[in-house]
Chemist: 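I'd like to ask you about the structure that follows.
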Amino acid sequence: ERRDLVKKKRTIRSHTLSTNPYHKLLIKLYKYLAGRTKSKFNRTVYQRLLKSRENRCPISLSRIATVMRRKTVWQGPKVEAPIAVVVADVLDDIRLVQVPKLRITALRFSKSVRARIEGAGGQCLTFDQLAQIAPTGKNTFLMRGRRAGREKVKHFGASGVPGG
């Protein structure tokens, strides 16, 4: 019996390694909301806030616009569109010519994205504002960026082997 080949168990993160005090306050807030409400949304946001920066992949404005258009295309004119929630950064995409009116909650917006969203009559919300507007996550749509979209992933796998 080999004792040195013990399988490493996966651990679930219970705290962040971030030194950002505002990020830590958000974690405290959503931990409280996750414990006090039966909302799965709050638990998911709390878990995503705990993730490392590498695992909180950014998402482009064009991706959010496309998904939200598909989500709201069948809704009536009087129905309020859901708030797009991204536990990461929202970055600009110059390929998107016309920005629709969107309400987005994110950890950070690039300057150009903030200007484009607000110029189109939309709103850039923070997570503490979201907790006041929708404490249980009603009328929200949770999104995340592609983890495989990183530059690093391009170099994975053996050289000369297709697809790997």
Chemist: Between L107 and L50, is there a shared hydrophobic cluster once you connect ILVMFWY residues whose side-chain heavy atoms come closer than 4.5 Å?
Modeler: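 Per the 4.5 Å side-chain linkage, L107 and L50 are co-clustered.
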Chemist: Could you pull out the closest heavy-atom pair between Y30 and Y46, with the gap in Å?
Modeler: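 Residues Y30 and Y46, closest heavy atoms: O-CB, 3.9 Å.
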Chemist: Using every non-hydrogen atom in the two residues, find where N55 and R147 come nearest and quote the distance to one decimal.
Modeler: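 Shortest heavy-atom separation between N55 and R147 comes out as OD1-NH2, 3.0 Å.
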Chemist: Under the salt bridge (Lys or Arg N to Asp or Glu O under 4.0 Å) criterion, do E54 and K152 qualify, and how do the steps go?
Modeler: CA-CA 11 Å; E54 195 172 274; K152 186 168 143 178; 3.1 Å; yes
Chemist: How close do I83 and T105 get, heavy atom to heavy atom, and via which atoms?
Modeler: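 In terms of heavy atoms, the two residues are closest at CG2-OG1, 3.5 Å.
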Chemist: When you group the ILVMFWY residues by side-chain heavy-atom contacts below 4.5 Å and let the links chain together, are V90 and V87 in the same group?
Modeler: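 No, it is not one cluster - the side chains of V87 and V90 are not joined through contacts under 4.5 Å.
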Chemist: Say whether L29 and V45 are linked into one hydrophobic cluster, either directly or through other cluster members, by side-chain heavy-atom distances under 4.5 angstrom.
Modeler: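 Linked, L29 and V45 end up in one cluster.
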Chemist: Looking at every heavy atom in both I59 and G145, which two are closest together, and how far apart are they?
Modeler: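 Closest heavy-atom pair between I59 and G145: CB-CA, 4.1 Å.
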Chemist: Can you see whether Q75 engages T72 through a side-chain donor-acceptor pair at a distance of less than 3.5 angstrom?
Modeler: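 Absent: no donor and acceptor within the cut-off.
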Chemist: Does anything in residues 103-112 form a salt bridge (Lys or Arg N to Asp or Glu O under 4.0 Å)? List the pairs, not counting sequence neighbours.
Modeler: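 Every pair satisfying salt bridge (Lys or Arg N to Asp or Glu O under 4.0 Å) with a residue in residues 103-112: E80-R103, D89-R108.
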Chemist: State, to 0.1 Å, how close A88 and C57 come at their nearest heavy-atom pair, and which atoms those are.
Modeler: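 A88 and C57 have their closest heavy atoms at CB-O, 3.2 Å.
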Chemist: Should I117 and K101 count as side-chain neighbours, where that means a heavy-atom distance under 4.5 Å?
Modeler: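 With C-beta onward as the side chain, the pair stays apart.
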Chemist: Between T37 and N42, is any side-chain donor less than 3.5 angstrom from a side-chain acceptor?
Modeler: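 The answer is yes; a qualifying pair exists.
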Chemist: I need the minimum non-hydrogen distance between C124 and Q129, along with the two atoms involved.
Modeler: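 For C124 versus Q129, the nearest heavy atoms are O-OE1, 4.1 Å.
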Chemist: Is it the case that one hydrophobic cluster holds both L125 and L49, taking links as side-chain heavy atoms less than 4.5 Å apart, direct or via other members?
Modeler: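 Yes, because L125 and L49 connect within a single hydrophobic cluster, where side-chain heavy atoms sit under 4.5 Å apart.
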Chemist: Would you check if there is a donor-acceptor pair between the side chains of T126 and D128 at a distance under 3.5 Å?
Modeler: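 Judged by distance alone, the side chains do pair up.
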